[in-house]
Every structure is written in C-alpha cells, then in structure tokens.
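In the text below, chain A, chain B and the rest are named by the order of the sequence lines, each starting its count at 1.
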Amino acid sequence: MKPLSRFKCYSIILPAISVHLSPPSISLQHPRLYYVGATELRTNPRVSSSNLLDIVNAFTAYCYQRDLPNAMKALDSMQKHRLWADSITYAELIKCCIAHGAVKQGKRVHQHVFSNGYEPKTFLINTLLNMYVKFNLLDEAQILFDQMVERNVVSWTTMIAACSNAELNSKALEMLIMMLRDGVRPNMYTYSSVLRACEGFSILKQLHCCIIKVGLELDVFVRSALIDIYSKWGELQAALNIFDEMVTSDLVVWNSIIGGFAQNSDGDEALNLFIRMKRSGFWADQSTLTSVLRACTSLALLELGRQVHVHVMKFDQDLVLNNALLDMYCKCGSLKDANDIFTRMIVKDVISWSTMIIGFAQNGYSLKALNLFNTMKASGIKPNYITILGVLFACSHAGLVEDAQYYFKSMKVLYSIDPGREHYGCMIDLLGRAGKLEEAMKLIHDMKCEPDAVTWRTLLGACRVHRNMDLAEYAAKKVLSLDPHDAGTYILLSNIYANTQRWADVEKLRKSMRDGGMKKEPGCSWIEVNKQVHAFILGDKSHPQVNAIYQELNQIIWRLKEEGYVPDTNFVLQDLEGEQMETSLAFHSEKLAIVYGLMSLPKGKTIRIRKNLRICGDCHVFSKLLAKLENRSIVIRDPIRYHHFEDGACSCGDYW
DNA sequence: TTAGGGTTAG
C-alpha cells in the first residue's frame, strides 16, 4: 500500500451546493406524418393506388408517432397488400420496439421486411441486428448476421460490441480479425467497442498501436475506452498519460480516469484528479460522485464523505450512488449513518443488502448482520456469492461455528451458489480461530476448487494464534510454493518463531527475505483532522508536533499502567528484551495516531483511525483502556475489519 | 440512416 502523503489537504474539493432544477432541453422532432419516401407500391386490382398510399402513410405516421399498437396493426395491413415503407420508417418502428422491450413485435417487423422477396438494405438489417443485441438475443443476431450478403463497418461493429458487452472476449477479437480479412476497415466505433475485450496486456498494446497508426487515438470515445482498459489492467500511469495528452475532454473521460484510480485503491490520486476536474469547470454527475465516494471509502475519509453526501442528495434515490454512500459510511465505521441511508432507500438491490450485511459484520455486529440477512430473504431478494460471504464473515467474527456450517452447507442447495475459494477461506478462518485446526485441514483437502496461497495463509494465521508450529511450517511451505515472494508469509512464520524465542530461525527467515529482495510493509496509520490527513509510520518522527505527541503518549502509558495496563510483549517482532521490548511496542503507528487525535480533535469527538496492517494485541488492549480512561470512542479500521472501542471494551469482543 | 465510453458490495 502506498503511504498517503502527510497532511494532505482535501478542504477545497467541493463548492457550494448548486441544484439544477430546470429540465434538460429536449429537441422535439416534428412527426413526419405523411412521408412516403421510397415506398414500393405494387398494384392490386382490388384497391386503388390512392388507398394503398393511405395505408403506407398511416403506417408511417404511427411509426413516427411511436404508436406501437397502431403501427403493428398498420403493418399487418401493409403485409396483406404486399406494401413496404421506407427503411427509415422501419428503423423508427424498430427503435420503438427496443424502447418498449417489444420482442414479439420486433420479430414481426423482421419477418415483414424479409417477406415476399423484399430485400432490405444493409442499413435496415443493421438496425435489426442492433435490436436483437439490445434484446440480448445474441443467437438471433448471429443468425441474421450470417445471412447478410453485404456487411459494412456498422454490421461488424454491432456484433463486436455485442460480444464485448457479453464478455465473449475471444469471439469479439476473432470477429475483428474476420472483419479485417473481409476488407472492412474498423473505425472509432469498432475500436472503442473492442478494447474492452482485451484479455491480455500484449493484445491491448497491439490494438493501441493500430489505433495510433490509423489516427483514431484522438477520438474521445476511443480515448476513454483506452483509459478504462489500461486502468482495469492496473496500468494507471499509462492511463494517466493518455488522459493528460487529451486536448478536449469531456466529463466521461474525467469519470474514466477518476474511476480508474478509485477502483485501483488509489483514492488519493482519484481525489487529486477530482480537484483538477472541478477546477476545469466540470460538474460532477452520479458516476463522478460514486467514484469520489469510493475514494473516501478506501481512505476512510468520513468528513469528506459527508461533504460528498450533501451533493449526492440532488441525485436522490440513485441506486448505485446510494449503495456507494452506504458503503462509505460502513467502511468509515459510522453504522448509524449507514443504517439511516439504508432505511431511507426506497429501492434496494442485492448490493444494498449485501453492503449493509457486510458493514454490520465487519464492524462487529454479527447478529445484526445475520438478522438483516433473514429480513433480506423475507423481502424476496435472492442472495448471491458476495452476500453469502458476508454471512459467513459475520459467523466467523462471532465464533458461530455451527451457524456458519449450516449456511456453508445450504448455499448450494438453497441458492444454487457453488462455494468458491473465498467461502472456503471464511470457513477455514472460522475453524482455525476456534482451534479446530484439523477440521480446517480436512476442509482444505475436501475443497472443490484448488486451494491457493490465500487459503494456506489463512490456515497459517490460525496456527499462529494457536501456536501450532508443525502445521504452521507446513502451511507456510504451501504458501511459499504457490507464492514464493510473499513477504507476509515470511513475517507470519517469523512471528511464530519470535513468540517462542526461536531467534535463529527468525534470522534465517529474515535473511531469506533480504536475499529475495522482500521487505516488511511498514505499519502506517492515518487520521483525518480538520480536513487534513495525518499519516504516522512506526518510529517516524517527521510530524511537526512529534515531540508533543511522544511526550503525551509516554504520559498516557504511565497513566494506563497505573490502571493496570501491562504491555503485551507477545507482539514484539524483534529479538529485544526488557524495556527495549516495550519501547518497540509503544510507538506502533496507531498509538501515535490515537494520541494525535486526542490532542487535536474536540472533546468527545470519536477518534477514527485507518491502518494498513492488522491491529496487534497490545494496541488492542491499549485502545480499550484508553477509551475508558478518556471517556472517548475510538474506531480503528484495519484491512479486514473494524474495532469500535468504548468504555473499556471492543465491538469485536476480543475476537479478530 | 444504423454501431462506441464512465458508477455500487468480497
């Protein structure tokens, strides 16, 4: 994790609220009521040609008026008299079918324009192709496409875009090759569609080269697609380069780059880009605000998140945005706000419910999470893969072994969800914490999917808690065989050795780490005070108030010792002894951040800390006692869960 | 005259 630059100021992000109440301008198209165009009239001895013209005109009028029922009746009359209207009229009718989701009527139009030897133009077949794609009837689209005598760039692009959207990535790329072989040149529409289908970095590079060669990199759609796919591949610098080269830009491109950083856990850069966007004169829309909320969520910036909330209100009841807001409050440890949002949401989907369930579970309210899961089921929402993960997580962090086993066994039967590695991981974690290491091992052997490094690392963590050296070494070897450069495993194993004073083994492991170029990630804690973010790293002394903070921390430790605090040296990771040991513990980053919070925040305000590593047992005891001594709420978010310290106790129930 | 870009839960 990249440590956030210290004292980052986010206070200038949002301007005063401005709600635009005027509706967007709508260009009204005058219905072309009596347009006949290239209508093909055929003689019919029983009907005069003026009557035939009336039939076509009536059909045309209904199509342009978007009057689907009457247009379909008129279509029957056209069919009966072997009449055809202009292609554009049919295109209007097909658009109307798409808008109404009228599959049956759309197929009827398809049948009509191919009836009695009539040969529709490529343009019209393309419109039908698009209709099938929009109806998600890809097989029908493919059959029609295969029947086409002439396929132009739009025909190919429609099919390629359909494959990309359906994540039929190989097929999308194969169709691009077929298109080129057919002598049809891809255009900006084609490239902006096919980029999403890149499954490998080398393919992406090749496509990017083609785009530059034919001069299409300037197209704003192609650029945003490039930014998006580079971001998805984690190539954020490449995405930023493409973004910065743009002369004109629009809001969607800003959203692409901001979303790219937000989704790659670089909330800091996402917020910087958002500030740039505001300075460039753009107004944030739902997509922008969703990404900004995600950035706040990843950085645990509650106060900034609250500012964004005010702006979210003008997009009231936007489901995606509300879900993001809900998650922000959950991840910032403010469950009351999250619950208020959740209660007020009129429309909730499986993501809303899952977010709240996971939010309760991660914040230590396992029973509330499980109750909510029951309410969700009762309201008719079907749980998915992630919901069940949240439920198992809730069981895991409350030590509810039997409940978890029930949910784990029933997920396939009740909801047709196959347990994935993550579900197994939750179960292994749960069994491991409960000391059932043999059962955890058995579950690994019974897994329907291959255990990966994370699976074995989970078991390794349990071995550390229960001091099972033999199994720990076995699990560690498994981890390192799957992920030989995993510094975390070396550290976990080294912690196990350190706890039993096997300092020679500790040194051996550390040498392996040094030789392999692996470094332990330094512990870092962040706190938001007065719209500024302050970062503290273990032993770091660069903060301007460093002397006062250390002095205050020492005084607090003395006061806590008088109340019975005994530093827990089990968590010292170095070969130190006596007083030195305590000193190493005393300056863990979260302690520095908490003390700074005490010194700077108004009396009574909750101290909220985010940290990059799991909290250690000593800091956990320290925080509980301090919360009581100072009569303050302290919330610490680590990479897995949250600890709410109040009146000498923690919401995790000392089980984490 | 048909085809293309950005947002939410682990």
Between A/Asn130 and A/Thr127: side-chain donor-acceptor atoms closer than 3.5 Å: no
Spacing of A/Leu321 atom CG and A/Met328 atom CE [to the nearest 0.5 Å]: 10.5 Å
Per A/Val320 side chain, nearest of listed nucleotides B/dG10, B/dT8, B/dA3: B/dT8
Step-by-step side chain to side chain donor-acceptor pair (under 3.5 Å) determination, A/Ser224 to A/Ser256: CA-CA 6 Å; A/Ser224 62; A/Ser256 291; 4.6 Å; no
Donor + acceptor pair across side chains of A/Gln105, A/Arg108 (<3.5 Å): no
Ring-ring centroid check A/Phe373 A/Trp353, cutoff 6.0 Å: no
Distance-only donor-acceptor test (3.5 Å): side chain A/Ser224, base B/dG5: yes
Presence of A/Arg223 side-chain N/O under 4.0 Å of B/dG5 phosphate oxygens OP1/OP2: no
Inter-residue atom distance A/Trp156.CH2 - A/Phe145.CZ, 0.5 Å rounding: 4.0 Å
Length of the line joining A/Asn187:CG and B/dG4:C1', which is rounded to integer Å: 9 Å
Whole-Å gap separating P (B/dT7) and CH2 (A/Trp283): 23 Å
Rounded interatomic separation in angstrom, taking CD1 from A/Ile417 and P from B/dA9: 18 Å
Atom-to-atom span, CG of A/Leu176 to C1' of B/dA3 - whole angstrom: 14 Å
Sugar-phosphate, base or nothing in reach of A/Val133, heavy atoms under 4.0 Å: nothing
Distance test, side-chain N/O of A/Lys95 to OP1/OP2 of B/dA3, below 4.0 Å: no
Between B/dG10 (P) and A/Ile640 (CD1): distance, integer Å: 11 Å
B/dT8 phosphate, OP1 or OP2, under 4.0 Å from A/Gln263 side-chain N/O: yes
DNA chain B contacts among residues 354-361 of chain A, heavy-atom distance under 4.0 Å: A/Ser354, A/Thr355, A/Ile358
Nucleotide B/dA9, atom P - distance to CD of A/Glu422 in whole Å: 14 Å
Sugar-phosphate, base or nothing in reach of A/Arg294, heavy atoms under 4.0 Å: sugar-phosphate
Selection from B/dG10, B/dG4, B/dT8 that lies nearest to any side-chain heavy atom of A/Gln362: B/dG10
Geometric class of the A/Phe408/A/Tyr424 ring pair [parallel <30°, tilted 30-60°, perpendicular >60°]: perpendicular
Nearest listed nucleotide, side chain of A/Thr290, among B/dT1, B/dT7, B/dG10: B/dT7
Euclidean distance, atom CG of residue A/Asp418 to atom P of B/dG10 [Å, nearest integer]: 22 Å
Closest listed nucleotide, where the reference is the side chain of A/Arg196 and the choices are B/dG5, B/dT1, B/dA9: B/dG5
Pair A/Asn323-A/Asp349, side-chain donor/acceptor within less than 3.5 Å: yes
Candidate nucleotides B/dA9, B/dG10, B/dT7, ranked by approach to the side chain of A/Ile351 - the nearest: B/dA9
Selected nucleotide, minimal atom distance to A/Ser287 side chain, candidates B/dT7, B/dG4, B/dG5: B/dT7
DNA chain B contacts made by residues 333-348 of chain A, counting heavy atoms under 4.0 Å: none
Phosphate OP1/OP2 of B/dA3 contacted by A/Asn130 side-chain N/O (<4.0 Å): yes
Touch class at under 4.0 angstrom, heavy-atom based, for A/Val194 against every strand present: nothing
Side-chain N or O of A/Lys232 closer than 4.0 Å to phosphate OP1/OP2 of B/dG5: no
Gap between atoms CE and P, on A/Met277 and B/dT7 respectively (whole Å): 14 Å
Nearest to side-chain heavy atoms of A/Lys331, which nucleotide of B/dA9, B/dT7, B/dG4: B/dA9
Distance-only polar pair, side chains of A/His208 and A/Glu217, donor-acceptor under 3.5 Å: yes
Sugar-phosphate, base or nothing in reach of A/Phe393, heavy atoms under 4.0 Å: nothing
Sugar-phosphate, base or nothing in reach of A/Asn152, heavy atoms under 4.0 Å: nothing
Given B/dA3, B/dG10, B/dG4, the nucleotide with the shortest approach to the side chain of A/Val222: B/dG4
Sugar-phosphate only, base, or nothing, as touched by A/Asn322 at under 4.0 Å among non-hydrogen atoms: nothing
Options B/dT2, B/dT7, B/dG5, nucleotide nearest the side-chain atoms of A/Ser291: B/dT7
Over all atoms of both residues, closest heavy-atom pair of A/Asn363 and A/Gly333: OD1-CA, 3.6 Å
Distance-only side-chain donor-acceptor flag, A/Asp452 / A/Thr455, under 3.5 Å: yes
Minimum-distance nucleotide (side-chain atoms of A/Ala324 versus B/dG4, B/dT8, B/dT2): B/dT8
Parallel, tilted or perpendicular, as decided by the 30° and 60° cut-offs, for the rings of A/Tyr118 and A/Trp84: parallel
